[in-house]
**Q** 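My questions will all concern the structure given below.
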Amino acid sequence: MRADTMQQQQQESQSKLSQFGDTPSEEFRKQLHELADWITDFREQIGGLCVAPNDTPGAIREQLPRRAPEEGEPFEKILSDVDHIIVPGMVHWSHPMFLGYFGWTSTAPGILGEILTAPLNVNAMTWRTCPAATELETVVIDWLRQWVGLSDEFGGVIYDTASVGIMHALAVAREEAAPATRKLGLTNRDLPQLRIYTSDQAHSSAEKAAIALGLGEQNVVRTQTDGQFRIDVNALGQKIAEDRRNGFQPIAVIATVGTTSTASVDPVGDISNLCREAKIWLHIDAAYGGGFAMVPEYGWLRKGWELADSIVINPHKTVFVPLDFSVLYVRDLERLRRVFTLVPEYLRGDTVEAEKNYMDYGIQLGRRFRALKAWVIWRSLGRGGVVARLREQIRLANLLADWIRSDDRFELSAQPSMGVVCFRFTGAAAPPPRAGTAARGSADSIDPTDAINSDIVERINSSGRAYLTQTKLRGETVMRIGLGNVLTTEEHLRNGWEIVQETASKL
Ligand SMILES: Cc1ncc(COP(=O)(O)O)c(C=O)c1O
């Protein structure tokens, strides 16, 4: 048979094969090389992209077919659409000028960890369904525990997010306050109204958890904070005592180490004493601040942790693990297992060993191999590498705060904390509303300074040059910069600050 006929037959049989099976390996290898180049170029050139698109809603959808494809399409075409439709339609969280939220955790080793996870694609629901995934999960949870200086009385579990972590923690608090809730539920039983306490700065995941657990969002009681946005422990103690007198049953307090708006840190030491005396579950939301406990001079952050019942830390915020990766630690992890273990018959064969079956520690059965990407990034950076990068974020935040202090048209709205700086432009407020017109906060008026601050953020974000966020503190709109991207240098930050100044000057 002639060589070209043979080659043609081979190609035909390969394409037939790929109709049923997978991409032939030579083609796959070529695609992967192409993808490797694409990723490296993307990472190298990300600083030249617009940080955010300025599209109207629906702009991306308009460029995409409404119907799913009938026939398969080549990877090259799909990648080209990523370039031309998806990338321009994105907010680039990994961009060095992305200064929103808490910055972002993209790094080259983190990307390698994600890529490595893809071909393995296991389901780590039980030890037996993937021993390596299960055991590596236990290992990385313990590494992080040691890094942040948490005692070995705490065991952990990896979830996608802190919101899911807090829900599980409060489910255990609920079970311990109202035994047999797991079995009987909350209704048609002689139970008092169960309540959870936190500060007016705490994350909304507290209410979300209360909704999911049938506790009711109104039973999350928010206590006032002091001048530095930390919970007022006296007010908290008084509210708990008053509620008890009125027949409510306090079941948990949530203290925050690194609040969402200002990264303020609640006085956890005092709160933990209060919880211990009142016999109430203490959950520490260290989703943001927890990672900073690795920095030796920030060891004070873990004051009171030793008396907590549960702590959530988001390495996808501050320990460089790509989204999603959150760890819930519970003192005596068996308390969590007791609430969630449930082995249906079809899984019994895969749950016989004494090793951990992580499906027992939450509502999720299927679990992806999240530990691998953490293992790759943490081995690549080491503790020293993580700490050095967190210290740089702290340095940059303080530098920005100095620049803000030296421009008298701006004021700092809170002390900079970790990588977060909140500030307000006060220099060119429009004249106050005329007498007789509505005051601040009413439905039909907006405070002019609030409007200007909001406008600055909107203009910058829609320019695509930088990205920041706004929040409200004591009723005032403020701008907020959060550092976290490893690509953000002092030069980028200086550029960002000049963009803020320049935009403000134009108003
Ligand atoms: C203090 C704090 N807690 C909890 C969360 C919720 O985190 P997640 O998105 O992982 O649910 C956030 C999110 O920013 C946060 O800032």
Side-chain angles (χ1 to χ4, degrees), residues 91 93 98-105 144 148 156-171 196-213 217 220 222-223 225 228-231 252-268 271 282-293 298 301-302 305 308 310-329 362-364 368 370 373-374 393 397 414 417-422 467-473 478 480-485:
V91 171
W93 288 61
F98 180 87
L99 305 170
Y101 302 98
F102 296 113
W104 210 225
T105 42
L144 183 67
V148 300
V157 54
I158 300 172
Y159 298 123
D160 52 0
T161 57
S163 305
V164 168
I166 192 176
M167 190 202 74
H168 284 91
L170 294 179
I196 293 158
Y197 300 80
T198 193
S199 89
D200 59 19
Q201 296 297 309
H203 192 262
S204 54
S205 51
E207 278 84 0
K208 285 271 187 98
I211 294 167
L213 294 170
E217 105 188 68
V220 176
R222 287 182 171 254
T223 311
T225 44
Q228 292 180 52
F229 304 101
R230 302 172 305 190
I231 200 166
V253 171
I254 301 162
T256 311
V257 174
T259 55
T260 312
S261 284
T262 64
S264 60
V265 179
D266 283 335
V268 184
I271 300 169
L282 171 60
H283 175 75
I284 299 176
D285 177 354
Y288 175 62
F292 282 87
Y298 275 67
L301 285 176
R302 42 174 192 269
W305 288 18
S310 55
I311 302 177
V312 81
I313 299 176
N314 268 12
H316 73 223
K317 281 186 175 26
T318 47
V319 203
F320 302 101
V321 182
L323 186 78
D324 46 17
F325 191 100
S326 178
V327 184
L328 173 71
Y329 290 99
I363 53 169
Q364 221 184 323
R368 67 194 227 98
R370 289 200 181 88
K373 61 185 176 181
Q393 290 170 25
S417 176
M418 295 175 255
V420 175
V421 184
C422 290
Y467 195 97
L468 57 154
T469 55
Q470 53 185 302
T471 187
K472 283 251 181 206
L473 293 177
V478 305
R480 180 187 176 288
I481 282 181
L483 292 150
N485 289 18

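Whatever order the structure lists ligands and atoms in, that order sets their numbers, starting from 1.
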**Q** Does ligand 1 come near enough to Ala162 that some N or O of the ligand is less than 3.5 Å from an N or O of the residue?
**A** yes
**Q** Taking the side chain as C-beta and beyond, is there a heavy-atom pair between Ile254 and Tyr197 under 4.5 Å?
**A** no
**Q** Distance only, no hydrogens: is a donor on one side chain within 3.5 Å (strictly under) of an acceptor on the other, for Ser264 and Thr259?
**A** yes
**Q** For ligand 1 and Lys317, I'd like to know whether there is a polar contact (N/O to N/O, distance under 3.5 Å).
**A** yes
**Q** With heavy atoms of His316 as the reference, note each atom of ligand 1 found under 4.0 Å away.
**A** 10 (O)
**Q** Is the Trp93-Tyr467 ring centre distance short of 6.0 angstrom?
**A** no
**Q** Identify, by atom number and element, the atoms of ligand 1 in contact range of Gly258, meaning under 4.0 Å from any of its heavy atoms.
**A** 1 (C)
**Q** Taking distance alone, with N or O pairs closer than 3.5 Å, would you say Ser163 contacts ligand 1?
**A** yes
**Q** Check whether the side chains of His283 and Ser310 place a donor and an acceptor atom closer than 3.5 Å, and report yes or no.
**A** yes
**Q** In the protein, which heavy atom is nearest to atom 6 (C) of ligand 1, and how far is it?
**A** His203 CE1, 3.3 Å
**Q** Does Thr256 reach ligand 1 with a nitrogen or oxygen that is under 3.5 Å from one of the ligand's nitrogen or oxygen atoms?
**A** no
**Q** Cation-pi check for Phe325 against Arg368: NZ or CZ below 6.0 Å from the six-membered ring centre and within 45 degrees of the axis, yes or no?
**A** no
**Q** Would one find an N or O of Asn314, backbone or side chain, under 3.5 Å from an N or O of ligand 1?
**A** yes
**Q** Is the contact between Ala287 and ligand 1 made by the side chain, the backbone, both, or neither, using heavy atoms and a 4.0 Å cut-off?
**A** side chain
**Q** With atoms numbered from 1 as shown, which atoms in ligand 1 lie under 4.0 angstrom from a non-hydrogen atom of Thr260?
**A** 1 (C), 2 (C), 15 (C), 16 (O)
**Q** Rounded to the nearest 0.5 Å, what separates atom CD1 in Ile363 from atom CE in Met167?
**A** 4.0 Å
**Q** So is Ser326 in contact with ligand 1, going by heavy-atom distances below 4.0 Å?
**A** no
**Q** Among side-chain atoms of Thr225 and Asp200, is any donor-acceptor pair under 3.5 angstrom?
**A** yes
**Q** Which of the atoms of ligand 1 are close to Asp285, meaning less than 4.0 Å from one of its heavy atoms?
**A** 1 (C), 2 (C), 3 (N), 4 (C)
**Q** Establish, from distance only, whether the side-chain atoms of Asn314 and Ser326 form a donor-acceptor pair under 3.5 Å.
**A** yes
**Q** Testing the basics here: between Arg302 and Val148, what is the closest heavy-atom pair and its distance to 0.1 Å?
**A** CD-O, 3.0 Å
**Q** Check Asp324 against ligand 1 and report side chain, backbone, both or neither, counting heavy atoms closer than 4.0 Å.
**A** neither
**Q** Does Phe102 come within less than 4.0 Å of ligand 1, judged by its heavy atoms?
**A** yes
